[in-house]
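Structure first, then comments.
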Protein chains: 2
Amino acid sequence: MVGIADVARHANVSASTVSYVLSGKRPISPETQARVHASIKALGYHPHAGARALASKRTNVIALVMPLRSGVHVPVLMQFVTAVATQAREYDHDVLLLTQDEGERGLRRVEGSSLADAIIVMDVEMKDPRVPLMRTLRTPCVLIGVPEDADGLTCVDLDFAAAGAACLDHLADLGHRCVGLVGSPRAVYERGTGFATRVADGVARAAARRSVATTTYPCEPNRDGARAAVRDLVEAHPDLSGLIVHNESVVESVLHALRDHGRRVPQDVSVVAICPDELAERLDLSGVALPAEEVGRRAVDLVLRPCGGEDPGATLLTPELTPRATTAGR
Amino acid sequence: MVGIADVARHANVSASTVSYVLSGKRPISPETQARVHASIKALGYHPHAGARALASKRTNVIALVMPLRSGVHVPVLMQFVTAVATQAREYDHDVLLLTQDEGERGLRRVEGSSLADAIIVMDVEMKDPRVPLMRTLRTPCVLIGVPEDADGLTCVDLDFAAAGAACLDHLADLGHRCVGLVGSPRAVYERGTGFATRVADGVARAAARRSVATTTYPCEPNRDGARAAVRDLVEAHPDLSGLIVHNESVVESVLHALRDHGRRVPQDVSVVAICPDELAERLDLSGVALPAEEVGRRAVDLVLRPCGGEDPGATLLTPELTPRATTAGR
DNA sequence: ATGAAAGCGCTAACAC
DNA sequence: GTGTTAGCGCTTTCAT
């Protein structure tokens with residue numbers, strides 16, 4: 001194995017100089033730098049990660065806690081993961097993947113064994129049992145998702161309330177006065193999953209502001225759920241002309257169900273969705289995308305950036321609504 | 001920070017004894033063991049991963065190289081990843097996630113910096129540029145997928161040839177004599193992706209054995225591709241009564257296209273697919289599943305198990321065909 | 001601008 | 001069955 005001493009000898013400098021060339025923590029003459037770099041390349045030197053971690057108390061690793069059986073759409077999850085992994089490399093860090101099933105033990109292990117310099121926890125729920133622990137960790141933490149009490153914690157997520165409001169505003173701008181929200185399964189609301197209730201709140205508040213009538217309809221993630229939702233909403237509200245769908249599993253079925261009820265989209269009913277890009281594009285759907293890449297990148301930035309004592313609190317990304325073929329004025 | 005010396009003092013033993021209690025590498029009296037374990041718990045001791053790696057030359061980490069823009073269905077990819085992460089914990093290992101875009105540099109980095117004890121590379125193609133490098137690595141490697149020349153490499157995958165054969169045999173058993181294979185996009189064959197050509201070979205060989213006529217039809221991953229495939233196959237082979245679909249993006253469209261051509265499934269045409277479980281179940285499709293969990297678990301076992309000098313070569317998992325609603329006798 | 005040397009916290013000989 | 005001790009390969013004072 002080629003070590004720092006070998007490089008030092010080869011470049012005719014001391015080991016510390018090699019180290020400083022690598023870390024940039026003190027000025028080194030250009031000539032020396034060049035020689036050291038040449039030797040590093042010539043010998044194919046890579047610093048030993050363990051030794052470095054031991055001496056410097058930094059691992060150059062970010063731990064990422066991934067949900068196992070997620071309520072989140074799997075491709076979106078994957079986008080988070082790859083965005084985090086990719087962005088981590090920009091900071092010369094690697095990603096250690098933990099699974100949610102280790103729960104708080106996993107977090108303790110990371111901190112206790114000095115496995116990582118920072119932790120990113122995905123899919124944090126409103127009353128997440130890991131939140132109290134995260135608050136006490138010395139290791140910097142950022143949460144993807146916003147718990148009920150986010151005090152003292154750094155969080156990133158799409159601003160779901162604003163996303164709901166954006167959808168409603170879009171429909172209101174188009175002249176719709178009676179709008180339905182096809183939401184997540186009832187269990188998701190009861191579990192207190194943040195994004196579901198926040199979207200509903202955002203829609204409700206915007207509706208009040210714009211004097212639009214709204215109904216929220218929890219919807220099971222299958223065709224029958226979608227059919228029931230459309231049937232009940234259409235029957236109960238004959239003047240319903242707008243639909244916000246926040247449930248990626250049923251958007252397609254909702255569109256079919258509307259047609260089955262003789263409602264053309266967008267002539268009779270406009271539909272906006274809050275769902276992954278790919279889905280919206282495939283169905284040519286107006287809607288707000290889940291900016292998974294952006295969230296992942298921001299999470300890494302937040303957790304690694306030497307933020308100057310500032311408590312960044314919750315970073316809520318502004319939703320972007322893209323109008324496509326499923327919305328029209330009336 | 002609580003270190004091994006603190007535990008030793010607390011338990012009235014030497015540091016090495018604590019170390020040996022943890023590693024089990026030498027016999028320790030039950031009383032001492034108990035005392036040490038008690039102290040560990042009392043002090044909340046976790047060994048420092050870097051220090052351990054430095055002293056022992058083992059990191060307790062597996063590197064997993066994940067494809068970014070994979071030809072593989074994303075949920076399946078995710079199943080691999082979680083299976084690997086979960087199984088790794090069984091061996092008290094963690095998973096370091098690398099992305100394919102680092103290519104060979106990533107592998108060199110893992111080895112050079114002693115980041116991991118073993119490497120698992122997903123989605124290896126027939127002529128994968130990383131294969132030669134992997135062959136020279138000192139770090140144990142296992143590939144998910146089987147390259148053209150797998151000599152000296154440990155691989156795991158579904159036995160795609162056998163999967164193709166199983167599909168054909170199933171149809172032959174049901175009395176079908178003329179069968180079409182709706183395959184991957186032409187580009188996938190040309191790129192030399194292993195599973196695509198292996199399925200085609202497996203089907204062809206089984207067909208020869210069973211005296212069944214077959215045609216392979218490369219198919220673009222969209223509705224039009226599926227329509228073209230069905231149209232051409234049905235027109236060219238009026239007596240076609242079985243279809244093998246190995247292209248998860250089009251299974252659904254193929255079923256629709258068959259109905260559009262007046263062919264009922266399974267009364268007129270039987271359909272078997274090689275695709276992810278969830279899809280097959282959702283469509284109540286007869287077919288062979290991609291055993292992602294099993295493959296991930298096996299990969300970890302292979303790479304971590306102290307295999308006694310034996311070169312395990314390629315581990316090809318036996319396909320399991322589940323008959324469902326889309327196949328019938330004629 | 002550079003070197004020398006003292007650890008970082010642990011493991012694994014080598015002792016007994 | 002247990003203790004002593006010499007590193008593992010690097011970073012970072014402290015010198016100059």
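Heavy-atom basis, side chains included; hydrogens, waters and symmetry copies ignored. Note on naming: letters A, B, ... go to the chains in the order of the sequence lines (proteins, then strands), and numbering restarts at 1 for each one. Predicted model only: the values in this text are computed from it and were never measured.
Rounded to whole Å, the distance from CG on B:Leu22 to C1' on C:dC10 is 11 Å. When the C1' atom of D:dG9 is taken as reference, atom CZ of B:Arg58 falls 19 Å away, rounded to whole Å. Distance B:His46 NE2 to C:dC10 P: 12 Å, rounded to the nearest Å. Rounded to whole Å, atom C1' of C:dT11 lies 13 Å from atom CG of B:Asn60. Here C:dG7 presents its C1' atom at 9 Å from CG of A:Leu54, a figure rounded to the nearest Å. We find that CD1 of B:Ile4 is positioned 19 Å from P of D:dG7, with the value rounded to whole Å. The CZ atom of A:Arg9 sits 14 Å away from the P atom of C:dG3 (whole-angstrom rounding).
Residue A:Asn12 is classed as a sugar-phosphate contact, given heavy-atom separations below 4.0 Å to backbone atoms only.
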Side chain to side chain donor-acceptor pair (under 3.5 Å) evaluation trace for B:Asn60 with B:Tyr91: CA-CA 8 Å; B:Asn60 275 230; B:Tyr91 292 87; over 6 Å; no
A:Asp123 vs A:Gln100, side chain to side chain donor-acceptor pair (under 3.5 Å): CA-CA, chis, key distance, verdict: CA-CA 9 Å; A:Asp123 206 27; A:Gln100 180 117 212; 4.6 Å; no
Derivation of the side-chain contact (heavy atoms from CB on, under 4.5 Å) call for B:Val95 and A:Leu96: CA-CA 6 Å; B:Val95 168; A:Leu96 195 76; 5.9 Å; no
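Residue pairs meeting the salt bridge (Lys or Arg N to Asp or Glu O under 4.0 Å) criterion with at least one partner in residues 19-36 of chain A, sequence neighbours excluded, are absent. The salt bridge (Lys or Arg N to Asp or Glu O under 4.0 Å) pairs that include a residue from residues 73-98 of chain A are A:Arg89-A:Asp92, A:Arg89-A:Asp94, A:Arg89-B:Glu102, A:Asp94-B:Arg109, where partners are two or more places apart or lie in different chains. Residue pairs meeting the salt bridge (Lys or Arg N to Asp or Glu O under 4.0 Å) criterion with at least one partner in residues 132-144 of chain B, sequence neighbours excluded, are B:Glu111-B:Arg138, B:Arg135-B:Asp149.
Residues from residues 27-34 of chain A lying near DNA chain C, meaning a heavy-atom separation below 4.0 Å, are A:Pro27, A:Ile28, A:Ser29, A:Thr32 in numerical order. Only at 4.0 angstrom or more do the heavy atoms of residues 35-44 of chain A sit from any atom of DNA chain C, so none qualifies.
Judged by distance alone, with hydrogens and angles left aside, the side-chain atoms of B:His48 form a donor-acceptor pair with the main-chain N or O of B:Ala51 at under 3.5 Å. Between the side chain of B:Arg130 and the main chain of B:Val124, no donor-acceptor pair closer than 3.5 Å is present.
With D:dC8, C:dG9, D:dC10 as the candidates, the nucleotide lying closest to the side chain of B:Lys57 is D:dC8.
Judged by distance alone, the side chains of A:Ser29 and A:Thr32 do bring a donor and an acceptor atom under 3.5 Å apart.
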Contact list (N/O, under 3.5 angstrom) for nucleotides 12-16 of chain D vs protein:
{"residue": "D:dT12", "atom": "OP2", "partner": "A:Lys25", "partner atom": "NZ", "Å": "3.2"}

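Considering only heavy atoms from C-beta on, A:Val121 stays 4.5 Å or farther from A:Ile144 through its side chain.
Atom CD1 in A:Ile40 sits 4.5 Å away from atom CG in A:Leu22 (nearest 0.5 Å).
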